[in-house]
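The block underneath contains the structure these notes are about, expressed in structure tokens.
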Amino acid sequence: MSTLVRQYAGLRLMRQDPEQCIFSFTCASNTNIPMIRTMLRNLARKFGQRVIVDGREFFTFPTAKKIHEATAADIRTCGLGYRAKAVKAVAESIVNGNLDLDALRKARYEDAKMELLKVYGIGNKIADCVMLFSLEKLGAFPIDVWIARSLAKHYKFLSDSKFGEKLSPLQYVALSGAMRAYFGDYAGYAQQYLFYHMRQQAHRKW
DNA sequence: ACCCAGGAATTGT
DNA sequence: ACAATTCATGGG
């Protein structure tokens with residue numbers, strides 16, 4: 001067993017609640033992880049239900065209905081910036097039934113992705129994250145800047161046609177598809193190992 | 001003041 | 001059709 005495998009043996013993937021997952025990653029576009037956590041904390045405090053556990057105060061994650069009822073301005077107050085519009089659109093899709101996350105859990109990767117991409121604010125990367133972390137599509141291979149760097153560094157044979165850190169939608173589909181084919185049904189696990197490896201090499205602060 | 005961050009929509013060519 | 005540009009927000 002290599003040092004790398006021993007060091008990381010024990011990594012697991014979430015099977016997160018799909019609604020919580022899609023709202024969370026909708027907040028994640030073009031920002032950093034500490035900021036995402038702040039947004040979600042603010043959303044819970046503002047739209048979630050207050051509960052007391054062991055004398056401590058918590059707020060549950062807001063329902064799609066509650067977010068749908070809120071104005072875009074109220075959502076923006078939580079620090080979402082331009083993402084507020086997308087969060088509201090996701091809530092709308094869930095409430096009016098256009099997006100049936102539970103049904104997508106049983107769908108094929110391609111079909112689930114196609115449905116997710118119809119929603120305003122959901123692109124390739126976020127759709128892949130939602131599928132990997134909550135819809136049991138373990139072959140999904142999300143590519144963010146860190147993964148793109150990792151692929152450029154460790155899988156140069158794929159970057160013959162110069163992939164930068166920013167991928168066009170066309171490049172994203174090509175690269176993610178290639179990695180899905182390369183790693184197979186559990187490509188998402190490989191993605192996670194790469195992600196955490198890159199994050200640990202950089203200085204982590206979250 | 002500039003660049004970056006678990007991107008995606010919009011506009012320009 | 002593809003490639004630039006824009007979009008809020010805080011930290012380095």
Side-chain angles (χ1 to χ4, degrees), chain A residues 8 11-18 20-43 45-46 70-93 99 113-135 137-154 161-177 179-180 187-206:
Chain A
Y8 288 115
L11 180 151
R12 298 292 185 276
L13 273 168
M14 306 266 312
R15 188 186 285 110
Q16 198 178 12
D17 173 74
Q20 183 166 347
C21 190
I22 196 172
F23 281 121
S24 299
F25 276 101
T26 301
C27 293
S29 78
N30 196 32
T31 185
N32 52 57
I33 291 172
M35 189 56 54
I36 296 166
R37 296 183 62 187
T38 298
M39 294 179 202
L40 296 177
R41 219 167 26 241
N42 292 342
L43 282 173
R45 196 175 60 215
K46 198 168 180 64
T71 68
D74 274 346
I75 298 173
R76 185 179 280 254
T77 302
C78 299
L80 297 198
Y82 67 95
R83 303 169 193 83
K85 186 177 170 187
V87 165
K88 194 165 168 53
V90 169
E92 162 92 34
S93 300
L99 182 63
K113 183 152 191 180
M114 197 173 57
E115 290 304 310
L116 287 168
L117 291 179
K118 290 178 182 172
V119 182
Y120 179 91
I122 307 297
N124 276 306
K125 192 267 174 182
I126 290 177
D128 279 334
C129 285
V130 172
M131 289 195 290
L132 178 59
F133 296 125
S134 73
L135 298 181
K137 305 297 180 284
L138 302 185
F141 195 94
I143 302 179
D144 55 42
V145 287
W146 294 95
I147 296 296
R149 285 172 195 157
S150 174
L151 296 182
K153 181 174 183 181
H154 301 293
S161 52
K162 64 184 318 183
F163 289 105
E165 289 187 1
K166 293 302 193 177
L167 302 179
S168 72
L170 214 59
Q171 289 175 319
Y172 183 100
V173 171
L175 240 193
S176 180
M179 300 314 290
R180 277 165 46 71
Y189 275 96
Q191 191 269 6
Q192 285 297 284
Y193 278 106
L194 291 176
F195 181 79
Y196 287 107
H197 177 66
M198 294 301 286
R199 290 299 302 223
Q200 196 171 62
Q201 286 213 327
H203 294 295
R204 49 191 281 182
K205 44 196 164 186
W206 49 298

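Chain A is the first sequence line, chain B the second, and so forth, proteins listed ahead of strands; every chain is numbered from 1. What you see below is based on every heavy atom in this structure, not just the backbone, and it leaves out hydrogens, waters and symmetry mates.
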Taking the same atom, [atom1], in [N] and in [M], what whole-Å distance lies between them?
{"N": "B:dT11", "M": "C:dA8", "atom1": "P", "answer": "13 Å"}
{"N": "C:dT6", "M": "B:dC3", "atom1": "P", "answer": "14 Å"}
{"N": "B:dA8", "M": "C:dG11", "atom1": "P", "answer": "24 Å"}
{"N": "C:dT5", "M": "B:dG6", "atom1": "P", "answer": "24 Å"}
{"N": "B:dA1", "M": "C:dG12", "atom1": "C1'", "answer": "13 Å"}

Exercise for the section: Answer yes or no: is there a donor N or O on one side and an acceptor on the other, between the side chain of A:Arg83 and the main chain of A:Ser29, under 3.5 Å? Expected result: yes
Handout entry: Backbone N/O of A:Phe141 and side chain of A:Ser176: donor-acceptor pair under 3.5 Å
Key = yes
Once rounded to the nearest 0.5 Å, what's the spacing between atom [atom1] of [X] and atom [atom2] of [Y]?
{"X": "A:Asn124", "Y": "A:Leu175", "atom1": "CG", "atom2": "CG", "value": "11.5 Å"}
{"X": "A:Arg180", "Y": "A:Lys137", "atom1": "CZ", "atom2": "NZ", "value": "10.5 Å"}
{"X": "A:Arg149", "Y": "A:Leu194", "atom1": "CZ", "atom2": "CG", "value": "14.0 Å"}

Distance, rounded to the nearest Å, where [X] contributes [atom1] and [N] contributes [atom2]:
{"X": "A:Ile36", "N": "C:dG10", "atom1": "CD1", "atom2": "P", "value": "15 Å"}
{"X": "A:Leu80", "N": "C:dC7", "atom1": "CG", "atom2": "C1'", "value": "14 Å"}
{"X": "A:Leu167", "N": "C:dA4", "atom1": "CG", "atom2": "P", "value": "14 Å"}
{"X": "A:Met198", "N": "B:dC4", "atom1": "CE", "atom2": "P", "value": "15 Å"}
{"X": "A:Ile33", "N": "C:dT9", "atom1": "CD1", "atom2": "C1'", "value": "16 Å"}
{"X": "A:Asn42", "N": "C:dT9", "atom1": "CG", "atom2": "P", "value": "12 Å"}

Exercise for the section: Look at the side chain of A:Phe25 and decide which nucleotide, out of B:dG6, B:dA5, C:dA8, has an atom nearest to it. Expected result: B:dG6
Practice task
Among the candidates B:dG6, C:dA3, C:dC2, find the nucleotide nearest to the side-chain atoms of A:Leu170.
Solution key: C:dC2
Any [X] side-chain nitrogen or oxygen under 4.0 Å from OP1 or OP2 of [N]:
{"X": "A:Arg199", "N": "B:dG6", "value": "yes"}
{"X": "A:Arg149", "N": "B:dA5", "value": "yes"}
{"X": "A:Arg83", "N": "C:dA8", "value": "no"}

Just distance, no hydrogens or angles: give the donor-acceptor pairs under 3.5 Å from side chains in residues 127-135 of chain A, sequence neighbours left out.
| residue | atom | partner | partner atom | Å |
| --- | --- | --- | --- | --- |
| A:Asp128 | OD1 | A:Tyr109 | OH | 2.7 |
| A:Asp128 | OD1 | A:Lys113 | NZ | 3.2 |
| A:Asp128 | OD2 | A:Lys113 | NZ | 3.1 |
| A:Asp128 | OD2 | A:Tyr172 | OH | 2.6 |
| A:Ser134 | OG | A:Val130 | O | 2.8 |

Fill in the blank from the handout: Scanning both residues in full, the closest heavy-atom pair of A:Leu40 with A:Ser24 reads CD1-OG, 3.6 Å
Practice task
Could you run through nucleotides 7-13 of chain B and give me one letter per nucleotide, 5' to 3': B if any protein heavy atom sits under 4.0 Å from the base, S if only the sugar-phosphate is that close, - if neither?
Solution key: BSSS---
